[in-house]
S.K.: 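Please read through the structure below; I'll follow up with questions.
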2 protein chains.
Amino acid sequence: MTGVVDREARSTAEQPDPCDLIRSVLARVGDKWTVVVMDELRDGPRRFNELRRLVSPITQRMLTSTLRGLESDGLATRTVHPTVPPQVEYALTDSGRALLTIVKSVATWADTHLDTVYAARATLKGPKS
Amino acid sequence: MTGVVDREARSTAEQPDPCDLIRSVLARVGDKWTVVVMDELRDGPRRFNELRRLVSPITQRMLTSTLRGLESDGLATRTVHPTVPPQVEYALTDSGRALLTIVKSVATWADTHLDTVYAARATLKGPKS
DNA sequence: CTGGATCCATGTTGATACTG
DNA sequence: CAGTATCAACATGGATCCAG
């Protein structure tokens, strides 16, 4: 990532390392469920089981852990409504929304370069030896 | 990813599923080494052990596997020079370069939202109970 | 309804040694 | 130089059961 983020620029609040953060973000959007969940939050807040249904075959454990991940990076918020039965709403933050936009540009990239990718994969499989 | 890629649009060459491809790309850039390696290829071709040194504590096994991954998605090329000792050069393709650009926008995002992320992480750790 | 806790199968990574 | 092969450590995800 040289040249992308000035590692020594920010004066005092020198947290771990910007590069680590970048990697952790990439790892997060690279995991199995995060992006799908974020995408389901694009139109507004969703409740836990609502997401569970929308994201189809995700397990509770994974949904919980995915949401905790989003929350812990400030990409989504968790709002508990003290009703009975309990209701919990999740919503994207502005940060999350901004990141989702970037992720969608990856989707666009994929769409644009479909041929390249499949061609490359096919070549490695069996170019007729 | 609803709305990003029209799942049914492309007529005949219906490979697996664009969504799968998107996920596989996200997973690739989300892994530990891919982006770092790509970034080292940004200024031109590099040889195997050259990359090995540049990417510091990467193991041969991981470098090989990372490069194979890039190659298999058409993000980088592998050129063998039949000299002795053998020389192998890796270079980004145009696709790879385009993807790297997008990834760098994630880096920019991270830089912009540093505060949000760290604040969220700190909040989850110990908001003074 | 929301989610914590546990167990377990599987995949991924690193260390190390060996090869054309 | 540029890999491959093997094995062990670890992380990840799913299934299941329990609880506020």
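All chains are named by letter (A, B, ...) in the order of the sequence lines, taking the proteins before the strands, and each is independently numbered beginning at 1.
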S.K.: Between D:dG13, C:dT13, D:dA2, which nucleotide has the shortest distance from any of its atoms to the side chain of A:D31?
M.R.: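 The nucleotide sitting nearest to the side chain is D:dG13.
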S.K.: Looking only at non-hydrogen atoms, find the nearest pair between B:A107 and A:I22 and report the distance.
M.R.: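 So the two residues come closest at CB-CD1, 3.7 Å.
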S.K.: Once you round to the nearest 0.5 Å, how far does CG of B:D43 lie from CG of B:L92?
M.R.: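 Answer for the CG-CG pair, B:D43 versus B:L92, is 10.0 Å.
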S.K.: Can you tell me how far the CG atom of A:L75 sits from the CG atom of A:L67, to the nearest 0.5 Å?
M.R.: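 One gets 11.5 Å once the value is rounded to the nearest 0.5 Å.
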S.K.: Could you state the atom-to-atom distance from CZ of A:R78 to C1' of C:dC1 in whole Å?
M.R.: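 Rounded to the whole Å, the gap is 12 Å.
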S.K.: If the threshold is 4.0 Å, N to carboxylate O, is there a salt bridge linking A:R42 and A:D39?
M.R.: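 Answer for the salt bridge query: yes.
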S.K.: Of all residues at least two apart in sequence or in a different chain, which pass the side-chain contact (heavy atoms from CB on, under 4.5 Å) check with A:R47?
M.R.: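 Per chain and number, A:R47 pairs via side-chain contact (heavy atoms from CB on, under 4.5 Å) with A:E50, A:Q87, A:E89.
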S.K.: If only side-chain N and O atoms of A:Y90 are considered, is one of them under 4.0 Å from the OP1 or OP2 phosphate oxygen of C:dG3?
M.R.: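 The answer is yes; a side-chain N or O of A:Y90 sits under 4.0 Å from OP1 or OP2.
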S.K.: So how far off straight is the helix from C:dC1-D:dG20 to C:dG20-D:dC1, going by the axes through five pairs at either end, to 10°?
M.R.: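 Helix axis angle between the two ends: 50°.
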S.K.: Reading nucleotides 14-20 of chain D 5' to 3', which nucleotides get B (base under 4.0 Å from a protein heavy atom), which S (sugar-phosphate only), which -?
M.R.: BB-B--B
S.K.: Compute whether any side-chain donor of one residue and acceptor of the other, for A:R28 and A:T66, lie under 3.5 angstrom apart.
M.R.: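 No, A:T66 and A:R28 have no side-chain donor paired with an acceptor closer than 3.5 Å.
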S.K.: List the steps and the verdict of side chain to side chain contact (heavy atoms under 4.5 Å, CB included) for A:M38 and A:L70.
M.R.: CA-CA 8 Å; A:M38 287 180 74; A:L70 290 173; 3.7 Å; yes
S.K.: For A:W33, check ring-ring contact (aromatic ring centres under 6.0 Å, His included) against everything at least two apart and list the hits.
M.R.: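 None.
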S.K.: Taking atom P of C:dG3 as reference, at what distance in whole Å does atom NE2 of A:H81 sit?
M.R.: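 Going from A:H81 (NE2) to C:dG3 (P), I get 13 Å.
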S.K.: What is the separation between atom CZ on B:R68 and atom P on C:dT13, rounded to the nearest whole Å?
M.R.: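 From B:R68 CZ to C:dT13 P: 16 Å.
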S.K.: Applying ring-ring contact (aromatic ring centres under 6.0 Å, His included) as the test, list every pair that has at least one member in residues 64-111 of chain B; sequence neighbours left out.
M.R.: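 Listed by first then second residue: B:W109-B:H113.
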S.K.: Find the distance A:L67:CG to C:dC1:P and express it as a whole number of Å.
M.R.: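 Atom CG in A:L67 sits about 16 Å away from atom P in C:dC1.
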S.K.: If you measure only the distance, is there a donor-acceptor pair under 3.5 Å linking the side chains of A:T108 and A:D111?
M.R.: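 Judged by distance alone, the side chains do not pair up.
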S.K.: With side chain to side chain contact (heavy atoms under 4.5 Å, CB included) as the criterion, how do B:L41 and B:L51 come out once you've worked through the C-alpha distance, each side chain's angles and the decisive distance to 0.1 Å?
M.R.: CA-CA 8 Å; B:L41 291 174; B:L51 285 171; 4.0 Å; yes
S.K.: May I ask you to list the residues of residues 46-56 of chain A, by number, that have any heavy atom positioned under 4.0 Å from an atom of DNA chain D?
M.R.: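 None - not one residue of the stretch has a heavy atom sitting under 4.0 Å from the strand.
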